[in-house]
Amino acid sequence: MSNIALGIEYLGSNYCGWQRQSHAKSVQQTLEQVLSKIADEPIQVNCAGRTDTGVHATGQVVNFHCTKERPKKAWILGANTQLPNDIAVRWVKTVPTDFHARFSAVARRYRYLIANTKAKPAILHSGLTWVRQSLDIDAMNEACQYFPGEQDFSAFQASSCQSSTAMRNIHHLKVSKQDEYCIIDIKANAFLHHMVRNIAGTLITIGRGHKPSSWTNELLVSKNRNLAAATASPNGLYLVDVDYPEEFDIPRVPIGPLFL
């Protein structure tokens, strides 16, 4: 039996999120249906990050076990021929039997893309969050300084989160401006449910001038989700990269030009 890893890219706008649901179409269900046809047997995949409704990915990683031998092009070309246009397989690799897309991962990286324009954007409207008011990037970056390191992120944890602990280790958090786009870049060992969107909502509030940069420190100390800003829209959120130990030699896909 082979253990196969795939690199997956998708726009999440038309899906209820990554995870298979009985009541709505998911990315996982759509991908598994196609892979099962190619394998001629039922396929269930594990993913690196279970993205929410409307969230996108350029660097999602999945793995699955298969008893049938298939050439690599069958998993890429065969799958992409049958998948809808908003899901694509980018690479394939046979991996050791102990590789697991989720549990072998040591870090995940997300980017949140904001169109900071006076008028709403028409291009990529489902892939951007629109903020009309001019954002103070310096103030947002000052607010970011309180996040790196291992600490309790209860103030940025969704009430529906099922994690047994709110302790997470953020490797970096920074905000940059590229023309009319504002990009929030965050990397951590793992994330709580809605954690990135809750952080983005708080940074946007600070960027608008509604709160000082030190507010993020107050929220972290409070551990109270009710004191933080509203959850930001899923539209601008992308899972862009996943880190694994070097021994697995997992391929990396360059992040697209909008996300430099």
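- Taking every heavy atom of both residues into account, V89 and I76 meet most closely at O-CG2, 3.9 Å.
- Across every non-hydrogen atom of A115 and L128, the tightest pair is CB-CD1, 4.1 Å.
- The SG atom of C161 sits 4.5 Å away from atom CG of L192, with the distance rounded to the nearest 0.5 Å.
- A side-chain donor-acceptor contact under 3.5 Å links R208 and Q133.
- Between E32 and the options V27, V45, V62, a side-chain contact (heavy atoms from CB on, under 4.5 Å) holds for only V45.
- Between C66 and I43 there is a side-chain heavy-atom pair separated by less than 4.5 Å.
- Looking at Q60, its side chain never comes within 3.5 Å of a backbone N or O of A57 through a donor-acceptor pair.
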- Query: How far apart are the C-alpha atoms of N189 and V106, what are their side-chain angles, what is the distance that settles it, and do they pass the side chain to side chain contact (heavy atoms under 4.5 Å, CB included) test?
  - Reply: CA-CA 6 Å; N189 64 330; V106 295; over 6 Å; no

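- With values rounded to the nearest 0.5 angstrom, I184 atom CD1 is found 7.0 Å from C144 atom SG.
- We find the CG-CD1 distance between L173 and I199 to be 6.0 Å, quoted to the nearest 0.5 Å.
- Using a 4.5 Å heavy-atom cutoff, the side chains of K68 and D40 are in contact.
- If you check the side chains of R197 and T129, you find no donor sitting under 3.5 Å from an acceptor.
- Proximity of L83 to L31: side-chain heavy atoms (C-beta onward) are separated by under 4.5 Å at one or more points.
- The closest side-chain heavy-atom distance from F248 to D98 is below 4.5 Å.
- A donor and an acceptor atom, one from each side chain of E41 and S36, are nowhere located under 3.5 Å apart.
- R50 has its side chain within reach of R102: a pair of non-hydrogen atoms, C-beta onward, lies under 4.5 Å apart.
- A donor-acceptor pair under 3.5 Å links the side-chain atoms of H56 to the main chain of G12, judged by distance alone.
- Within a 6.0 Å sphere centred on CG of N85, other residues, nucleotides and ligands contribute 12 heavy atoms or fewer.
- No donor-acceptor distance shorter than 3.5 angstrom exists from the side chain of N63 to the backbone of I4, with no hydrogens or angles considered.
- A donor-acceptor contact shorter than 3.5 Å links the side chain of Q151 to the backbone of F147.
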- Message: Checking C182 against M140 for the side chain to side chain contact (heavy atoms under 4.5 Å, CB included) test, could you report, in this order, the C-alpha distance in whole Å, the side-chain angles of both residues, the deciding distance, and whether it holds?
- Response: CA-CA 11 Å; C182 174; M140 295 170 75; 4.1 Å; yes

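- With H210 contributing its side chain and I204 its backbone, the two residues share no donor-acceptor pair below 3.5 Å.
- Using a 4.5 Å cut-off on side-chain heavy atoms (C-beta onward), F64 and N46 make no contact.
- Checking each of H171, K187, R108 against D243 for a side chain to side chain donor-acceptor pair (under 3.5 Å) leaves exactly one that passes, namely K187.
- Annotation: side chain to side chain donor-acceptor pair (under 3.5 Å) contacts of T117 (sequence neighbours excluded): W130.
- Taking the side chain as every heavy atom from C-beta outward, I170 and Y146 never approach each other to under 4.5 Å.
- For the atom pair OG1 of T165 and CD of Q157, the computed distance is 8.5 Å after rounding to the nearest 0.5 Å.
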- Message: One pair to check against side chain to side chain contact (heavy atoms under 4.5 Å, CB included): C47 and V61. What are the steps and the verdict?
- Response: CA-CA 6 Å; C47 76; V61 177; over 6 Å; no

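- Heavy atoms only, all atoms of each residue included: A139 and S213 are closest at O-OG, 2.8 Å.
- Rounded to the nearest 0.5 angstrom, L227 CG and T202 OG1 are separated by 10.5 Å.
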- Pair N235-S126, side-chain hydrogen bond (donor to acceptor under 3.5 Å, both in side chains): steps then yes or no: CA-CA 5 Å; N235 286 3; S126 65; over 6 Å; no

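- Using a distance-only test at 3.5 Å, with no hydrogens or angles considered, a donor-acceptor pair links the side chain of N116 to the main chain of L135.
- Counted within 6.0 Å of NE2 on H172, heavy atoms from surrounding residues, nucleotides or ligands total more than 12; the atom is thus considered enclosed.
- A salt bridge between D241 and R252 is present, with a side-chain N of the basic residue lying under 4.0 Å from a carboxylate O of the acidic one.
- With values rounded to the nearest 0.5 angstrom, E218 atom CD is found 12.5 Å from N224 atom CG.
- H193 pairs with exactly one of S160, S163, S159 by the side chain to side chain donor-acceptor pair (under 3.5 Å) rule, that one being S160.
- Within 6.0 Å of NZ in K37 there are 12 or fewer heavy atoms belonging to other residues, nucleotides or ligands.
- Using a 3.5 Å distance cut-off with no hydrogens or angles, the side chains of T51 and Y238 do not pair a donor with an acceptor.
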- Message: Applying side chain to side chain contact (heavy atoms under 4.5 Å, CB included) to R20 and Q44, what does each step give before you reach the verdict?
- Response: CA-CA 10 Å; R20 189 189 308 107; Q44 292 187 0; 4.2 Å; yes

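- Counting non-hydrogen atoms of neighbouring residues, nucleotides and ligands closer than 6.0 angstrom, the CD atom of E247 exceeds 12 such neighbours.
- No donor-acceptor pair under 3.5 Å is formed between the side chain of E9 and the backbone N or O of V253.
- Listed for the N3 side chain is a donor-acceptor partner under 3.5 Å among the backbone atoms of P96.
- Here the shortest heavy-atom pairing between G149 and N169 reads C-OD1, 3.4 Å.
- Of the listed residues (L35, N80, V34), just one forms a side-chain contact (heavy atoms from CB on, under 4.5 Å) with W75, and that residue is L35.
- For the pair A155 and R225, the tightest heavy-atom approach, listed with the atom from each and the gap, is O-CD, 3.2 Å.
- Checking each of F153, Y110, F156 against F191 for a ring pair (Phe, Tyr, Trp, His ring centres under 6.0 Å) leaves exactly one that passes, namely Y110.
- Atom CZ of R70 has more than 12 neighbouring heavy atoms from other residues, nucleotides or ligands inside a 6.0 Å radius.
- Residues D185 and Y112 have side chains not in contact (no heavy-atom distance under 4.5 Å, counting atoms from C-beta outward).
- Residues Y244 and I8 are members of separate hydrophobic clusters, defined by side-chain heavy-atom contacts under 4.5 angstrom among Ile, Leu, Val, Met, Phe, Trp and Tyr.
- Summarising the geometry of K223 relative to S154, their closest heavy-atom pair is O-CB, 3.5 Å, with the distance given to 0.1 Å.
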